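Below is one structure; the comments refer to it alone.
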Amino acid sequence: MSTKNRITPEEALAYHLDPRPGKYEITASKPMTTQRDLSLAYSPGVAVPVEAIAERPETAYDYTVKGNMVAVVSNGTAILGLGNLGALASKPVMEGKAVLFKRFADVNAIDIELDTENPDEIIQAVKLMGPTFGGINLEDIKAPECFIIEQRLKETMDIPVFHDDQHGTAVICAAGLINALEISGKKIEDCKIVLNGAGAAGIACLELVKAMGARHDNCIMCDTKGVIYQGRTEGMNQWKSAHAANTEARTLEEAMVGADVFLGVSAKGAVTQDMVASMADNPVIFAMANPDPEITPEEAHEVREDAIVATGRSDYPNQVNNVLGFPYLFRGALDIHARAINDEMKIACARALADLAREDVPDEVAMAYGRKLSFGRDYIIPTPFDPRLIHVIPPAVAKAGMETGVARRPIIDMEGYAQSLKARMDPTASILQGIHARARQAQAKMIFAEGDDPRVLRAAVAYQRGGMGRALVVGREHDVREKLEAAGLGDAYRELTIVNSANSKHIETYKEFLYKRLQRRGFDRHDAHKLAMRDRHVFAALMLAHGHGDGMITGVTRKSAHVLELINKVFDAKPSDGAVGITALLSKGRIVLIGDTLVHEWPSENDLADIATRGAQVARALGLEPRVAFVSFSTFGYPVSERASKMHEAPRILDSRGVDFEYDGEMAVDVALNPEAMAQYPFCRLSGPANVLVVPARHSASISVKLMQEMGGATVIGPILTGVPAPLQICSTVSTVNDILNMAVIAACRLGQSK
């Protein structure tokens with residue numbers, strides 16, 4: 001089995017355990033600090049909305065979280081590909097679904113696991129919880145009970161009830177099918193469609209394509225016993241019977257002859273190359289079995305170059321991924337206070353997805369995937385990280401809901417609604433995802449200089465198993481092996497490349513290089529020999545300087561100033577060389593870069609201008625359009641202070657350089673970041689809140705970053721060392737495994753390298 005993208009049990013358990021158990025927590029959206037706050041939140045103030053809701057129940061959407069709250073409900077009888085493991089075992093999956101709702105559509109979701117296999121008990125339990133939620137997402141409930149439960153709840157509840165295992169797959173499948181048929185020049189009503197897999201997802205797929213115009217007589221459903229034909233009695237139920245075909249075909253192989261479309265939600269290897277060869281011209285093959293498709297794209301294209309192929313996997317083009325559907329379906333449904341999610345809303349979602357795939361792909365998406373994406377045989381479905389999904393799909397769903405009469409509160413201003421959707425999404429996750437995707441494209445050989453630290457080793461394993469490239473670990477073999485075994489990653493020892501001065505065939509070259517570089521700085525050959533042989537930071541830097549690695553990560557075990565001093569033995573990374581440290585702060589949906597957090601102790605106005613330019617370069621590399629603020633305790637000259645004068649002069653230096661990004665200052669931090677405060681200075685040249693802050697000195701940068709991290713809970717990435725001639729990054733001594741991995745990804749993307 002390939003180790004690429006492999007996740008070990010130890011990694012998975014650690015992810016769910018640290019820093020606290022589970023995948024989400026509840027945070028208050030109102031202040032809870034004073035006695036008055038408590039009186040408003042609870043007694044006596046809470047009585048007022050209680051009476052308002054009792055008088056007019058629809059106001060629950062105004063005064064409570066009901067309108068943005070979904071229940072993710074399961075009994076654990078069909079967990080992913082694991083089967084019936086029970087309600088409690090399903091909780092990690094349902095928590096995962098809850099955080100996907102939040103991540104992709106800003107929908108609050110709570111997982112509810114019901115310890116029963118009795119459909120009536122589940123129906124009653126969910127029905128009784130109706131007042132709490134704006135929608136119900138059923139998940140991982142086995143067939144045929146899932147059909148019974150969903151149908152009864154739809155009939156008795158006045159909020160959307162959606163079984164994602166059925167309809168989520170069906171919606172994305174339908175979106176891809178619309179575009180595949182467009183490319184192949186076929187109409188859905190004329191196509192012969194064969195579906196293999198008569199479970200919840202398969203039946204939902206066939207029902208939706210029929211609702212979109214496919215003719216019943218042209219559709220053949222198959223299960224493990226063959227074709228579901230009229231008159232068949234074995235292994236039948238009422239849901240299969242509804243799709244029984246009038247056909248002479250009795251096997252999947254017979255059904256596939258002349259088929260225009262194959263939809264598979266069955267099992268690995270269910271489709272052979274002979275079956276594909278027997279299909280009609282320009283066949284459409286959606287092999288959606290997970291984790292392995294019914295037939296791989298390579299196998300299909302060997303016999304049919306004209307085939308359009310989609311799978312459920314992210315490592316092939318055209319991934320049928322439910323996350324493209326359910327978050328946005330619920331977002332649109334919740335925002336019109338819908339009574340249901342009907343076929344028209346699902347079809348609207350599918351058509352909007354199909355239309356989006358035909359549009360030009362944003363640069364940040366193409367950059368994230370490392371290739372140009374354009375509508376065609378290998379791009380018929382949008383990618384899950386397309387930032388347009390949030391403001392394109394929900395409005396289409398909401399409009400369909402309004403037109404079909406399920407909206408309690410129609411949206412009047414659709415353009416304003418789309419803008420509000422853009423504003424509510426957190427850009428930080430997509431930026432991180434983007435740089436990780438770019439790192440996978442780069443496939444950099446990354447040197448991890450401190451192989452004696454377990455955090456570094458775990459990050460190196462994650463880097464290599466995450467498909468980023470090769471991890472080169474500087475350390476002693478027996479020490480690395482022991483630490484990996486202690487971390488539960490003993491099998492990774494054979495995967496990593498372990499390097500050190502004793503086993504390097506290039507060590508003499510390294511020593512000679514170092515001696516020539518340092519001989520006029522008070523170092524003799526013996527000094528150069530000791531540095532190259534005994535200091536892992538210097539040895540790793542020498543590897544990088546000679547092209548024996550593509551990037552380097554260090555700093556976890558030593559203070560950054562000391563590490564930077566050692567790196568300067570090999571590279572020119574001093575303030576005078578143009579080196580700058582830029583730290584990214586990610587907090588509450590905002591990204592702000594701060595510099596200099598690493599190199600310049602007390603920068604001059606010229607240094608500050610350099611820091612601004614480097615910060616703007618990093619911002620653009622992260623997909624941000626830079627807006628730079630020179631920040632101080634004063635704003636545009638008041639109060640007057642000699643200490644703030646350089647912050648006042650730095651923008652004038654940029655004026656003379658003619659740079660191509662927005663900048664202004666000096667200004668206080670609230671003016672830089674708060675639009676209302678900035679509006680008090682109409683002459684300010686920034687078009688919006690700053691995303692790059694240049695601060696007066698390294699100590700103020702360090703204080704700001706650490707205060708935000710400790711008190712504000714901000715995620716910190718950096719400092720990103722920029723302005724150096726090679727992609728090397730210095731972590732902090734308190735870095736977590738994830739921090740180290742993020743810095744390796746930044747090095748792989750070469751974000752800090754001089755151009």
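As the structure is a prediction and not an experimental result, all values here were calculated from the model. The analysis underlying the following values was restricted to heavy atoms, covering all of them including side chains, and did not include hydrogens, waters or symmetry mates.
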Rounded distance (nearest 0.5 Å) linking atom CD of Gln419 with atom NZ of Lys422
4.5 Å

Are more than 12 heavy atoms, taken from residues, nucleotides or ligands other than Glu145, located less than 6.0 Å from that residue's CD atom?
yes

Smallest separation among heavy atoms of Asn196 and Ala270, with atom names:
ND2-CB, 3.7 Å

Do Met32 and Leu38 come close enough that some side-chain heavy atom pair is under 4.5 Å?
yes

Minimum-distance pair of heavy atoms, taken over all atoms of Pro131 and Leu128:
CD-O, 3.5 Å

Can you name the nearest heavy-atom pair linking Pro382 to Leu389, along with the distance?
CB-CD2, 4.4 Å

Compare all side-chain heavy atoms of Ile110 with those of Val70 and state whether any distance is below 4.5 angstrom.
no

side-chain contact (heavy atoms from CB on, under 4.5 Å) between Asn68 and Val107, intermediate numbers included
CA-CA 6 Å; Asn68 194 39; Val107 172; 4.1 Å; yes

Surrounding NZ of Lys154 (heavy atoms of other residues, nucleotides or ligands, distance under 6.0 Å), is the total greater than 12?
yes

The side-chain contact (heavy atoms from CB on, under 4.5 Å) partner of Pro327 among Leu324, Val323, Leu329 is Val323

Are any of the side-chain heavy atoms of Asp111 and Tyr24 separated by less than 4.5 Å?
yes

Please assess Leu263 against Cys173 for the test side-chain contact (heavy atoms from CB on, under 4.5 Å), listing each intermediate value before the final yes or no.
CA-CA 8 Å; Leu263 306 177; Cys173 172; 3.7 Å; yes

Take Ile220 and Ile193 through the side-chain contact (heavy atoms from CB on, under 4.5 Å) test and state the conclusion after the steps.
CA-CA 6 Å; Ile220 299 177; Ile193 299 172; over 6 Å; no

Does Thr404 form a side-chain hydrogen bond (donor to acceptor under 3.5 Å, both in side chains) with Asn342? I'd like the steps, not just the answer.
CA-CA 9 Å; Thr404 53; Asn342 55 31; 2.9 Å; yes

Might you confirm whether atom NZ of Lys399 has over 12 heavy atoms from other residues, nucleotides or ligands at distances under 6.0 Å?
no

Can you tell me if Glu189 uses its side chain to pair, donor with acceptor, with the backbone of Ala214 under 3.5 Å?
no

Here the gap from Ile136 atom CD1 to Met157 atom CE, rounded to the nearest 0.5 Å, amounts to 4.5 Å

Straight-line distance of Asn75 CG to Ile112 CD1, nearest 0.5 Å
13.0 Å

Any side-chain donor-acceptor pair under 3.5 Å between Glu139 and Asn137?
yes

d(Ile123 CD1, Thr156 OG1) to nearest 0.5 Å is 7.5 Å

Residues that Tyr229 engages under ring-ring contact (aromatic ring centres under 6.0 Å, His included), provided they are two or more places apart
none

Does the side chain of Tyr61 reach to within under 4.5 Å of the side chain of Arg408, using non-hydrogen atoms?
yes

Does atom CG (Leu88) have a neighbourhood of more than 12 heavy atoms from anything else shown, all under 6.0 Å?
no

Asp190 vs Lys187, salt bridge (Lys or Arg N to Asp or Glu O under 4.0 Å): CA-CA, chis, key distance, verdict
CA-CA 5 Å; Asp190 299 329; Lys187 295 182 178 180; 5.7 Å; no

Testing the basics here: between Ile380 and Ala180, what is the closest heavy-atom pair and its distance to 0.1 Å?
CD1-CB, 4.2 Å

Yes or no on salt bridge (Lys or Arg N to Asp or Glu O under 4.0 Å) for Asp355 and Arg351, after CA distance, side-chain angles and deciding distance?
CA-CA 6 Å; Asp355 290 343; Arg351 293 196 185 283; over 6 Å; no

If we check side-chain contact (heavy atoms from CB on, under 4.5 Å) with Arg409, which of these qualifies: Ile336, Asp62, Asp335?
Asp62

Heavy-atom count around Tyr42 OH within 6.0 Å, excluding the residue itself: above 12?
no

What do you reckon, is CD of Glu58 surrounded by more than 12 foreign heavy atoms closer than 6.0 Å?
yes

Sidechain N-carboxylate O distance under 4.0 Å for Lys240, Asp223
yes

N/O donor-acceptor pair under 3.5 Å between Arg331 side chain and Ile390 backbone
no

Might you confirm whether atom CG of Asn118 has over 12 heavy atoms from other residues, nucleotides or ligands at distances under 6.0 Å?
yes

Separation of His163 NE2 from Cys146 SG (nearest 0.5 Å)
4.5 Å

Between the side chain of Thr169 and the main-chain N/O of Gln166, is any donor-acceptor distance below 3.5 Å?
no

Indicate every side-chain donor-acceptor pair of residues 199-208 with a distance under 3.5 Å to a residue at least two apart or in another chain.
none

Please report the C-alpha distance between Asp37 and Lys30 in whole Å, then the side-chain angles of each, then the deciding distance to 0.1 Å, and finally whether the salt bridge (Lys or Arg N to Asp or Glu O under 4.0 Å) criterion is met.
CA-CA 8 Å; Asp37 294 337; Lys30 300 291 193 294; over 6 Å; no

Considering only NZ, NE, NH1 and NH2 on the basic side and carboxylate oxygens on the acidic side, decide whether Lys186 and Asp260 come within less than 4.0 Å.
yes

Can you confirm whether Lys66 sits close enough to Ile159 that some side-chain heavy atom of one is under 4.5 Å from a side-chain heavy atom of the other?
yes

Any side-chain donor paired with an acceptor under 3.5 Å for Asn84 and Thr77?
no

Would you please indicate yes or no on a ring centroid separation below 6.0 angstrom for Phe101 and Phe326?
yes

May I ask you to check whether Thr311 and Asn318 show a side-chain donor-acceptor distance below 3.5 Å?
no

Knowing that exactly one of Asn321, Thr296, Asn290, Asp292 qualifies, which makes a side-chain hydrogen bond (donor to acceptor under 3.5 Å, both in side chains) with Arg313?
Asp292

Which atoms form the tightest heavy-atom contact between Ala400 and Met345, and what is the distance?
CB-CA, 3.9 Å

Flag the pair Phe262 / Glu294 as yes when at least one side-chain heavy-atom distance between them is below 4.5 Å, and no otherwise.
yes

Which class fits the ring pair Phe162 and His167: parallel under 30°, tilted 30 to 60°, perpendicular over 60°?
tilted

Minimum heavy-atom separation for Ala398 to Met414, with atom names?
CB-CE, 4.0 Å

More than 12 heavy atoms of other residues, nucleotides or ligands under 6.0 Å from CD of Glu234: is that the case?
no

Determine whether Met256 and Val271 satisfy the following criterion, side-chain contact (heavy atoms from CB on, under 4.5 Å), listing intermediate values before the conclusion.
CA-CA 9 Å; Met256 289 282 276; Val271 173; 4.1 Å; yes

Are side-chain heavy atoms of Tyr379 and Val361 found at a separation under 4.5 Å?
yes

Between Asn322 and Asp164, do the side chains contain an N or O donor and an N or O acceptor separated by less than 3.5 Å?
yes

Spacing of Ser90 atom OG and Asp140 atom CG [to the nearest 0.5 Å]:
7.0 Å

Evaluate salt bridge (Lys or Arg N to Asp or Glu O under 4.0 Å) for Glu117 paired with Lys142, printing each intermediate quantity in order.
CA-CA 9 Å; Glu117 295 189 20; Lys142 69 181 178 71; 5.0 Å; no

